[in-house]
Structure formats: structure tokens, C-alpha cells
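In what follows, chains carry the letters A, B, and so on, assigned in the order in which the sequence lines appear, proteins first and then strands, with residues in each chain numbered from 1.
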Number of protein chains: 2
Amino acid sequence: MNFLELVEDKGKIIDKKKGEHIFVQGFPDTSIYFIKSGLLKAYYTTEEGKEYVKLFIMANDVIGSLSSAYKGGLCSFSLVCLENSNLIKISFSVIYEHSKTDQHVANSMVELLLKFSMKKEKREFEFLCLSAEKRYRQLKKESSIIIERVTQNDLSRYLGVTPVGLSRIKKRVNSDMTG
Amino acid sequence: MNFLELVEDKGKIIDKKKGEHIFVQGFPDTSIYFIKSGLLKAYYTTEEGKEYVKLFIMANDVIGSLSSAYKGGLCSFSLVCLENSNLIKISFSVIYEHSKTDQHVANSMVELLLKFSMKKEKREFEFLCLSAEKRYRQLKKESSIIIERVTQNDLSRYLGVTPVGLSRIKKRVNSDMTG
DNA sequence: CATAGGTTTTAACCTCGGTTAATGATCGAA
DNA sequence: TTCGATCATTAACCGAGGTTAAAACCTATG
């Protein structure tokens with residue numbers, strides 16, 4: 001059995017409207033989600049009530065809380081729809097257990113995790129080595145589709161600045177024609 | 001065959017002295033390394049010649065450049081010994097190819113990648129949601145062993161501040177007894 | 001339409017950390 | 001032991017971005 005067959009076989013199709021949550025930080029959720037269409041936001045909420053955007057998720061992406069699904073704890077972040085979304089929900093442990101005895105599932109799992117790791121490494125690099133302005137420039141170059149679909153509030157909290165800060169950065173960058 | 005057997009069988013033991021590099025950013029290196037003892041630093045160098053510390057690596061850690069070993073490009077960072085170190089070098093593709101047909105190797109690969117992913121998520125969270133001072137406080141609490149073994153220069157560049165900045169943070173934190 | 005709620009911009013002020021440079025402290029090698 | 005080099009601290013100045021608040025803009029819904 002391959003990965004996609006497993007997901008289609010054991011997974012459950014879910015439709016969520018804009019504004020609805022898939023899971024919430026501090027509660028358990030042992031599923032992972034394959035996004036078919038729509039747009040979602042994964043975000044952290046701090047003790048002081050501040051929000052930080054971990055990731056935007058769109059068609060063909062996969063998302064889940066490792067700390068809950070794999071480690072068996074609680075979700076370390078929340079997942080909410082920014083647009084009406086269609087996803088497939090499947091238990092992480094079903095995939096995980098299958099991967100232990102099914103070579104094809106294991107191979108897909110390895111591919112998935114390698115791609116995931118590369119993405120996380122990229123984001124780590126950006127936060128460690130780039131200023132907020134450079135992160136904005138890079139996002140504009142590489143993923144302008146995200147910029148068009150999310151509000152400046154969400155975008156700023158993804159870049160690690162406040163909405164006010166992003167407004168200033170945009171002003172600087174857009175009046176500067178070096179690209 | 002299991003993972004460790006494979007590494008011991010196909011891997012090559014390497015001894016490196018303090019200051020020596022294992023690989024250098026911008027050059028290819030398709031191996032991954034299992035650290036037996038010592039201490040290493042993975043770091044990025046920017047166009048302007050600035051250094052940013054990605055990670056400290058010690059006994060029982062595994063390190064390699066995914067962008068070179070997996071994607072077939074060049075190393076996105078450099079790896080250097082901060083102390084004399086003993087490691088096992090093994091070709092990533094040997095492990096990767098084995099994992100495609102050997103269930104046990106695949107399982108170990110999945111475990112390795114899941115643990116790696118969780119670490120990267122943690123670091124992402126810290127940069128996204130915490131100030132430099134909070135990152136220092138957290139490191140002090142969780143990994144004081146690192147603080148004791150690396151210079152303040154390296155530590156500061158791991159935390160995303162300059163050595164001068166870290167000196168100020170330390171002063172604030174150590175004169176504040178709230179922990 | 002009209003109004004209420006959210007989004008973006010702008011301004012004023014402030015803080016944290018960067019930069020540069022000087023001074024001390026530490027460490028290693030000859 | 002001493003000399004050079006690296007490391008840590010401190011000070012002065014600066015700038016990016018935070019905070020707060022107000023104003024301008026949107027856009028959904030009644």
C-alpha cells in the first residue's frame with residue numbers, strides 16, 4: 001500500500017469555513033491533515049495573549065502538531081482557516097504504525113520528513129541571519145502569492161514584526177527600486 | 001540490518017582537532033556524521049562576512065548538510081570543531097538507499113527525522129516568539145552545559161545577538177534574581 | 001445606503017540591541 | 001614569563017522596530 005492510498009482509505013474528508021479552527025493550542029489532536037484546497041494559518045499564542053504566525057498552509061501541504069500527534073502531549077500551536085478549506089484528516093499513529101511494517105509507507109514518510117526538515121532549516125536560517133526587512137524582501141520574491149492572500153496583520157506576525165513595523169518596512173522597500 | 005550496524009559497518013571513524021573543519025559552506029559534502037565525543041559548531045557565513053551559529057553539536061548528535069547530502073547541492077553552512085572530536089562519517093546516500101529497501105533502516109530514519117523536526121520546531125518557536133533575553137534565560141535553564149563549554153562570542157551568535165548584546169543581557173539577567 | 005468592525009497608515013515616543021572603540025582579562029605558544 | 005591574540009566588558013551613539021493612539025480606509029451585513 002502506498003502513502004496516498006492509505007490516506008484516502010483511512011482518512012476523513014473535512015470541510016471548514018473561514019474562521020473555523022482545526023485544532024487549538026493547549027488541547028490534544030493526534031491527527032495530521034493533508035490540505036486539498038484553501039488557506040490556513042498555524043499560530044502560537046503567548047501567555048500575554050500575543051499571536052505569532054508559525055506558518056501559512058495551502059493546497060498540497062501537510063500539517064499537524066508533532067508535539068501532540070507524535071509525542072502524545074498537547075498541541076503547541078493552533079490551526080485556523082483563513083479561507084474555506086478542504087482537507088483530509090488522518091490519525092498520525094495509523095500512518096506511523098503502518099510505516100513500521102510497510103516499506104512504501106515508510107519511504108513516503110521519509111520523503112515527507114526530509115522535505116519538512118528542509119523547510120524548517122530555511123526558516124531557521126531566515127530568522128537567524130536576516131533582518132525583518134530582508135525576510136520581507138525574500139518572501140516577496142519567493143512567495144508573493146502568500147502576500148496577496150493574507151492580511152498585513154497576519155503577514156507581519158509571520159515575519160516576526162508588528163503590523164506597524166511591517167507597514168514601515170513596506171514603505172521603505174516599495175520606495176526603493178533596487179528590488 | 002539495523003541503523004547502528006549500518007553506520008558501524010559502512011562508516012569511517014574520524015578524529016578531528018579543535019579548530020579543524022569537517023565541511024565548509026559553499027562546498028559539497030554528501031556525508032552525515034554521528035558524533036561520539038567532542039563539541040562542534042555549525043555556522044552560516046553571510047556575504048558581508050558575518051557569522052551566525054546554527055547549532056552546537058555534541059556526543060550522540062547527528063549532523064550533515066541536507067542541502068548538499070540530500071538535494072545534491074552545496075553545503076549551506078560550515079561545521080568546525082570547538083573541541084577535539086571523534087565522529088563516524090557515513091555517506092548519506094548509502095543510508096538513504098538502504099532505507100528504501102530495508103524496513104529497519106527506514107524506521108530508524110523516520111525516528112531520526114522526527115526528532116530532528118521537533119528540534120527545529122523548537123528553535124523556530126524561540127526565534128519567532130521570544131526576545132533575545134528570553135532565549136538566553138531558556139538556554140541557561142535547559143542547556144547550561146552549552147553555556148559552560150562555548151565562548152560568549154559563539155553563544156551570542158547562536159542566540160541571534162552580538163557579543164556586546166549578550167554581555168548586556170547577561171548583566172541584566174544575572175543581577176535579576178527571579179531566575 | 002449606513003454603520004460597525006477590521007485593516008492599514010502615520011506620528012510620537014521609547015527600548016533593545018547594533019556598531020565602534022577602548023580597556024581589561026585570559027589563554028597559548030615560544 | 002612574556003608577547004600576541006582572542007575574549008569579555010563597558011561606554012557612547014545610533015537605528016530598527018515596539019508601543020500607543022489617532023486617523024483613514026475597507027468591506028460586510030442589516
Remaining members of A:Leu4's ILVMFWY cluster at a side-chain heavy-atom cut-off under 4.5 Å? none
OP1 or OP2 of D:dA16 sitting under 4.0 Å from any side-chain N/O of A:Arg172? no
So if I take the C1' atoms of five pairs at each end of the helix from C:dC1-D:dG30 to C:dA30-D:dT1 and get each local axis, what angle do the two axes make, rounded to 10 degrees? 40°
Quick check with a 6.0 Å cut-off and a 45 degree axis cone: is A:Lys54 positioned over the face of A:Phe77's six-membered ring? yes
B:Lys170 has its side chain closest, among D:dC7, C:dT9, D:dT9, to D:dT9
With sequence neighbours excluded, residues passing side-chain contact (heavy atoms from CB on, under 4.5 Å) with A:Ser131: A:Glu133, A:Lys134
Look at the side-chain N and O atoms of B:Asn153 and state whether any lies under 4.0 Å from the OP1 or OP2 oxygen of D:dA8. yes
The side chain of B:Gln152 lies closest to which of these nucleotides: D:dC7, D:dT9, D:dG17? D:dT9
Using a 4.0 Å cut-off on protein heavy atoms (strictly under), produce a 5'-to-3' string for nucleotides 18-30 of chain D with B for base contact, S for backbone-only sugar-phosphate contact, and - for none. BBB----------
Under 4.5 Å between side-chain heavy atoms, chaining through other members, with only Ile, Leu, Val, Met, Phe, Trp and Tyr counted: pull out the rest of the cluster around A:Phe27, sorted by chain and number. A:Val24
For B:Phe127, all residues meeting ring-ring contact (aromatic ring centres under 6.0 Å, His included), sequence neighbours excluded: none
Side chain of A:Lys171 (C-beta onward), nearest among C:dT9, C:dT10, D:dT9: C:dT10
Keeping A:Gln103 on the side-chain end and B:Lys100 on the backbone end, is there a donor-acceptor pair under 3.5 Å? yes
